[in-house]
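For clarity, every value in this text was computed on a predicted model and none was experimentally measured. Protein chains get the first letters and strands the later ones, always in sequence-line order, with residue 1 at the start of each.
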2 protein chains.
Amino acid sequence: MRRTKSESEETRQRIMDAAETVFVEIGVSRASMEKIAAEAGVTRGAIYWHFANKQELLGAIIRRVHGIHDAVVARAFEGGAEPLRSVLDWGMEVIELFATDDHTRKVYKIVVTRCEYVGEMQEALVWQQEMHEAMDANFRRAFEAAEADGQLGRGWTACSASMTLRCFMSGMLDNWLRHEFDATLAETLRAALECLVAGFRCDVAAAARRESATRPTPA
Amino acid sequence: MRRTKSESEETRQRIMDAAETVFVEIGVSRASMEKIAAEAGVTRGAIYWHFANKQELLGAIIRRVHGIHDAVVARAFEGGAEPLRSVLDWGMEVIELFATDDHTRKVYKIVVTRCEYVGEMQEALVWQQEMHEAMDANFRRAFEAAEADGQLGRGWTACSASMTLRCFMSGMLDNWLRHEFDATLAETLRAALECLVAGFRCDVAAAARRESATRPTPA
DNA sequence: ATATATACAAACAGCATTGTATGTAAAGGG
DNA sequence: CCCTTTACATACAATGCTGTTTGTATATAT
């Protein structure tokens with residue numbers, strides 16, 4: 001009973017959906033092709049027809065969510081807004097994305113807490129790195145523009161600011177996905193992000209001096 | 001050829017060292033007891049004598065590095081320094097610890113990128129959570145003290161500030177361990193942390209207003 | 001000095017998984 | 001209308017790992 005081309009694509013998507021579910025539930029390495037097949041309602045034969053092996057399947061589900069993020073980045077950075085403003089917009093949209101899109105959250109949960117990056121799976125780390133670098137490039141440019149426009153407060157450099165934001169965003173997602181999702185958490189994160197980005201406009205050099213004046217460091 | 005008590009403890013430590021190495025190399029799930037035994041120069045029998053199974057072994061190596069961190073926390077927070085100052089000190093010491101102690105870096109690399117938190121391994125996540133909560137409790141207290149003393153800049157709350165720092169620190173370690181270690185990275189991170197903590201003293205509410213005054217948000 | 005518990009090594013049984021090879025029915029092109 | 005290719009299902013062979021059991025030499029307590 002051979003399927004038509006569109007039916008075939010449908011099973012392919014079903015397999016990927018099933019893989020997401022199984023990966024989240026029992027982790028990538030324990031997920032056997034048999035279990036994924038059962039979840040998808042097919043046999044392993046079907047999976048091996050569409051995907052060479054498990055890591056290709058993982059790669060496929062990772063790439064499937066890439067498009068969404070590219071759209072978010074484009075919307076935030078190519079709007080022509082003030083640099084620090086677009087950085088904030090981007091961050092807010094990322095929070096929104098993770099708060100609302102189960103798909104994105106699922107895949108990232110796999111990437112963060114359900115996968116061991118060794119052997120053939122190293123490739124998956126490379127994909128992540130490429131994503132990170134694309135992200136970095138975008139807001140590195142934004143921070144350099146902000147620096148050139150004199151919008152960064154004294155003490156900040158484009159380098160330290162972008163590093164700070166990068167760490168904040170990674171850590172945010174890491175904590176979020178490693179523990180359970182809480183609706184109020186998103187609000188706290190939004191508030192934190194807003195303060196953080198506003199902080200990039202502040203004269204932190206002066207603030208640091210203020211402290212050492214108040215209470216000198218004991219030798 | 002029965003060993004003496006101290007010899008036995010020595011083998012126990014050798015097994016844990018071997019486990020660290022093997023876990024980092026090939027991940028927790030692919031690491032068979034046989035491979036760990038070979039690395040340690042013993043047979044599986046020895047491992048099963050000292051540890052019930054793999055997750056207990058993992059638990060043991062995680063707990064082995066806990067002591068170091070407790071000491072760091074104690075030194076930073078129980079010194080009686082100004083709250084925001086002790087937060088900064090603590091962060092710096094964490095950076096220092098990861099920059100210098102291979103042991104710590106190895107175990108955290110396992111925890112972050114070499115382990116899937118499913119089934120029995122969920123326990124390991126619980127240990128992490130306990131650690132996080134202990135950490136959180138410490139600098140939540142510090143931020144509340146800072147808030148009470150009026151050292152937090154307008155716009156910040158103890159809640160948003162501690163969330164920000166927590167995310168920054170997690171993200172920092174995550175990025176650090178997920179990619180390769182770079183000596184200059186530590187310097188950048190130190191600079192970023194210094195700015196970030198100084199930023200907690202700044203009036204971010206005013207800074208945010210400054211931006212919206214400069215260029216009003218398009219509706 | 002002997003008995004017992006200790007600290008392992010070696011052997012065993014059993015299952016789960018992987019990749020592939022083969023079978024097959026229908027789709028789609030000529 | 002037939003032939004080839006597609007889209008799977010089924011069957012097979014091989015491997016690797018786990019937990020346990022059994023064996024054994026020796027430290028240590030009595």
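- Contact check, A:S8 against D:dC8: a side-chain N or O comes under 4.0 Å of OP1 or OP2.
- Here the options are A:N175, A:D174, A:L173, the test is side-chain contact (heavy atoms from CB on, under 4.5 Å), and the partner is B:D174; only A:D174 passes.
- The nucleotide whose nearest atom lies closest to any side-chain atom of B:V42 is, among C:dA9, D:dA11, C:dA7, C:dA9.
- A salt bridge is defined here as a Lys NZ or Arg NE, NH1 or NH2 lying under 4.0 Å from an Asp or Glu carboxylate O, and A:D101 with A:R105 fails to meet this definition.
- Rounded to whole angstrom, the span from the CZ atom of B:R30 across to the P atom of C:dT17 amounts to 15 Å.
- Distance OH (B:Y48) to P (D:dT22): 17 Å, rounded to an integer number of Å.
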Find every protein N or O atom lying less than 3.5 Å from an N or O atom of nucleotides 28-30 of chain C, and list the pairs.
residue : atom : partner : partner atom : Å
C:dG28  : OP1  : A:T4    : OG1          : 3.3

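- With rounding to whole Å, B:E7 atom CD is found 10 Å from C:dA7 atom C1'.
- In this structure, B:W49 places its CH2 atom 5 Å from C1' of C:dT6, rounding to the nearest Å.
- Checked against D:dC8, D:dC17, C:dC8, the side chain of A:A46 finds its nearest nucleotide in D:dC8.
- Heavy atoms of B:T43 sit under 4.0 angstrom from at least one base atom.
- Checking the phosphate oxygens (OP1, OP2) of C:dG19, no side-chain nitrogen or oxygen of A:K54 falls inside 4.0 Å.
- Whole-Å rounding puts the A:M33 CE to D:dA11 P distance at 20 Å.
- When the nucleotides D:dC8, C:dC8, D:dT18 are ranked by their closest atom to the side chain of B:T11, C:dC8 comes out on top.
- The shortest distance between side-chain heavy atoms of B:Y48 and B:L57 does not fall below 4.5 Å.
- The interatomic distance linking A:E9 (CD) with D:dT6 (P) rounds to 16 Å, in whole Å.
- The side chain of B:H50 sits closest to C:dC8 out of D:dT18, C:dC8, C:dT17.
- Under the 4.0 Å criterion applied to side-chain N and carboxylate O atoms, A:E96 and A:R190 are assigned as salt-bridge partners.
- Rounded to the nearest 0.5 angstrom, B:W90 CH2 and B:L193 CG are separated by 8.5 Å.
- Taking 4.0 angstrom as the limit, A:S32 places a side-chain polar atom (N or O) nearer than this to OP1 or OP2 of C:dT17.
- Here C:dT22 presents its C1' atom at 14 Å from CZ of A:R44, a figure rounded to the nearest Å.
- Rounded to the nearest 0.5 angstrom, B:Y117 OH and B:Q122 CD are separated by 10.5 Å.
- When rounded to the nearest whole Å, the span between CD1 of A:I26 and P of C:dA16 equals 13 Å.
- Two rings, from B:Y108 and B:H103, have their centers 6.0 Å or more apart.
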